[in-house]
Amino acid sequence: MSGDGEGIKGCPGKEPGDLFRSGRVVKICAPMVRYSKLAFRTLVRKYGCDLCYTPMIVAADFVRSAKARDSEFTTNKGDNPLIVQFAAKEAQVLCDAARIVCPFADGIDLNCGCPQRWAMAEGYGACLINKPELVRDMVRHVRNQIDNPRFSVSIKIRIHEDLKRTVDLCQKAEATGVSWITVHGRNVEERHQPVHYDAIKVIKESLSIPIVANGDIKTLKDAENVHHLTGADGVMVARGLLANPAMFAGYEETPLKCIQDWVNIALEHGTPFTCFHHHLMYMMERITSKQEKKVFNVLSSTSAVLDYLNDHYGVC
């Protein structure tokens with residue numbers, strides 16, 4: 001785990017709670033394994049993103065291993081407001097993880113939505129939506145053990161086939177003091193099926209705390225439409241931001257300036273080549289031909305990528 005010293009909490013008035021009280025839709029970068037790391041968070045914050053999540057971190061490993069902390073969690077003074085997302089199934093382990101990150105972040109999020117087999121087999125992720133008492137217990141423990149009242153505790157969920165169960169889960173979490181709930185509008189089995197925005201609307205209407213809508217938001221216009229359809233207080237975006245990190249600033253496709261910014265930020269942060277290159281592949285998907293992709297996607301060094309960008313786009 002690394003930060004850069006005093007003042008890491010960032011500016012007063014930028015806490016997540018203040019964002020949700022601002023009356024405008026909060027624009028959020030989703031937790032993305034391998035991708036929502038410090039360099040990428042730095043990029044999307046330049047283009048209208050209000051709040052960023054770390055990739056999901058397994059709380060038990062994080063608490064147990066200094067090596068895991070160093071590799072999984074890096075932040076700096078400008079990286080705020082920031083939510084650290086954990087996979088957990090035991091209240092005290094989640095509390096211990098929350099206590100470690102509390103000086104460096106604005107809140108934690110409990111992942112109750114990851115549908116991957118390994119996560120569910122371990123008792124993490126989306127299987128927690130069927131354990132509302134456990135979720136309630138984990139939220140309550142963190143609330144009771146973290147002294148800072150401004151430190152947020154949120155959850156991210158998928159929906160049940162029977163929406164009454166989802167509403168019940170959310171109401172139990174709300175009663176325990178959860179700060180907000182992000183709802184991915186699909187059930188555990190659904191991957192590419194249409195998102196059930198109507199379900200998010202029902203959840204929003206059943207609770208008093210902020211609700212964040214997640215799923216298939218690719219443009220700023222999509223974000224506005226989802227807000228109108230659901231009444232959600234915020235929108236969380238994953239793949240849409242990978243494809244266009246300037247999405248929240250209203251760009252329809254990644255502008256060259258954003259590609260230049262990514263190159264500068266990634267080099268400054270020492271981003272590993274594979275991650276640097278993958279982000280560029282995502283960003284350039286819509287603005288390159290099939291032939292260009294064939295060449296660009298097999299480049300194998302930072303210098304080759306920089307030469308290509310300079311020769312074809314004037315990005316240096």
Side-chain angles (χ1 to χ4, degrees), residues 16-17 20 25-26 28 30-31 53 56 83 85-91 94 107-144 152-217 222-238:
F20 285 111
V25 183
V26 182
I28 303 171
Y53 281 53
M56 181 182 79
I83 304 300
Q85 192 189 64
F86 286 113
K89 57 184 174 181
E90 295 164 276
L94 183 61
I108 62 145
D109 184 83
L110 174 63
N111 184 313
C112 306
C114 177
Q116 290 182 38
R117 278 203 195 92
W118 74 265
M120 300 207 18
E122 291 282 341
Y124 299 136
C127 69
L128 290 175
I129 64 172
N130 299 318
K131 300 176 181 177
E133 279 71 27
L134 177 56
V135 171
R136 186 169 61 181
D137 194 39
M138 287 196 274
V139 171
R140 183 187 291 130
H141 265 72
V142 178
R143 271 271 166 261
N144 290 344
S152 65
V153 183
S154 56
I155 62 174
K156 183 172 188 287
I157 65 169
R158 282 188 172 233
I159 59 173
H160 299 83
E161 287 280 352
D162 176 3
L163 196 58
K164 288 196 195 78
R165 294 179 65 198
T166 316
V167 170
D168 177 62
L169 166 75
C170 292
Q171 288 174 336
K172 282 179 171 151
E174 178 178 42
T176 316
V178 84
S179 307
W180 69 85
I181 298 173
T182 300
V183 183
H184 184 115
R186 292 186 174 100
N187 66 42
V188 176
E189 303 303 323
E190 292 176 319
R191 292 296 181 274
H192 303 293
Q193 292 88 336
V195 176
H196 304 285
Y197 295 120
D198 53 337
I200 301 176
K201 182 174 194 277
V202 169
I203 294 165
K204 171 62 191 165
E205 288 170 352
S206 307
L207 279 84
S208 316
I209 54 170
I211 297 296
V212 173
N214 173 227
D216 278 5
I217 299 168
D222 288 347
E224 287 160 1
N225 289 344
V226 168
H227 166 65
H228 290 304
L229 281 171
T230 63
D233 305 271
V235 290
M236 177 182 279
V237 179

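- Using a distance-only test at 3.5 Å, with no hydrogens or angles considered, a donor-acceptor pair links the side chain of Arg143 to the main chain of Gly177.
- Looking at heavy atoms from C-beta onward, Cys170 lies in side-chain contact with Ile157 at the 4.5 angstrom threshold.
- At distances below 3.5 Å, not a single donor-acceptor pair connects side-chain atoms of Tyr124 with backbone N or O atoms of Trp118.
- With rounding to the nearest 0.5 Å, the separation of CG in Asp109 from CE in Met236 is 6.5 Å.
- In this structure, Trp180 CH2 and Ile28 CD1 are separated by 7.0 Å, a value rounded to the nearest 0.5 Å.
- By the 6.0 Å contact criterion, CZ on Arg117 is open, its count of non-hydrogen atoms from other residues, nucleotides or ligands being 12 or less.
- Here the side chains of Ile203 and Ile181 are not in contact, with every heavy-atom distance at 4.5 Å or above.
- One finds the CD1 atom of Ile159 at 8.5 Å from the CD1 atom of Ile129 (value rounded to the nearest 0.5 Å).
- A heavy-atom distance below 4.5 Å is not found between the side chains of Ser152 and Phe20.
- In this structure, CG in Leu169 is found 10.5 Å from CZ in Arg136, a value given to the nearest 0.5 Å.
- Panel note: side chain Asn214, backbone Thr182; no donor-acceptor pair is recorded below 3.5 Å.
- Contacts of Lys89 classified as side-chain hydrogen bond (donor to acceptor under 3.5 Å, both in side chains), with partners at least two apart in sequence or in another chain: none.
- Partners of Glu205 by side-chain hydrogen bond (donor to acceptor under 3.5 Å, both in side chains), not counting sequence neighbours, listed by chain and number: Lys201.
- Under the side chain to side chain contact (heavy atoms under 4.5 Å, CB included) criterion, Glu190 pairs with Arg186, Asn187, Gln193, His196, sequence neighbours left out.
- For the atom pair CZ (Phe86) and CG (Leu110), the distance works out to 10.5 Å, reported to the nearest 0.5 Å.
- A side-chain contact (heavy atoms from CB on, under 4.5 Å) with Asp216 holds for exactly one of Asp222, Val195, Val226; it is Val195.
- In this structure, the side chains of Ile211 and Ile200 come closer than 4.5 Å at one or more pairs of heavy atoms.
- Taking CE of Met56 as the start and CD of Gln116 as the end, the distance is 6.5 Å to the nearest 0.5 Å.
- With sequence neighbours excluded, the residues satisfying side-chain hydrogen bond (donor to acceptor under 3.5 Å, both in side chains) with Lys172 are Glu133, Asp168.
- Every side-chain hydrogen bond (donor to acceptor under 3.5 Å, both in side chains) that His160 has, sequence neighbours left out, goes to Asn130, Thr166.
- Screening residues 224-235 for side chain to side chain donor-acceptor pair (under 3.5 Å) gives Lys204-Asp233 as the qualifying pairs, with residues at least two apart or on separate chains.
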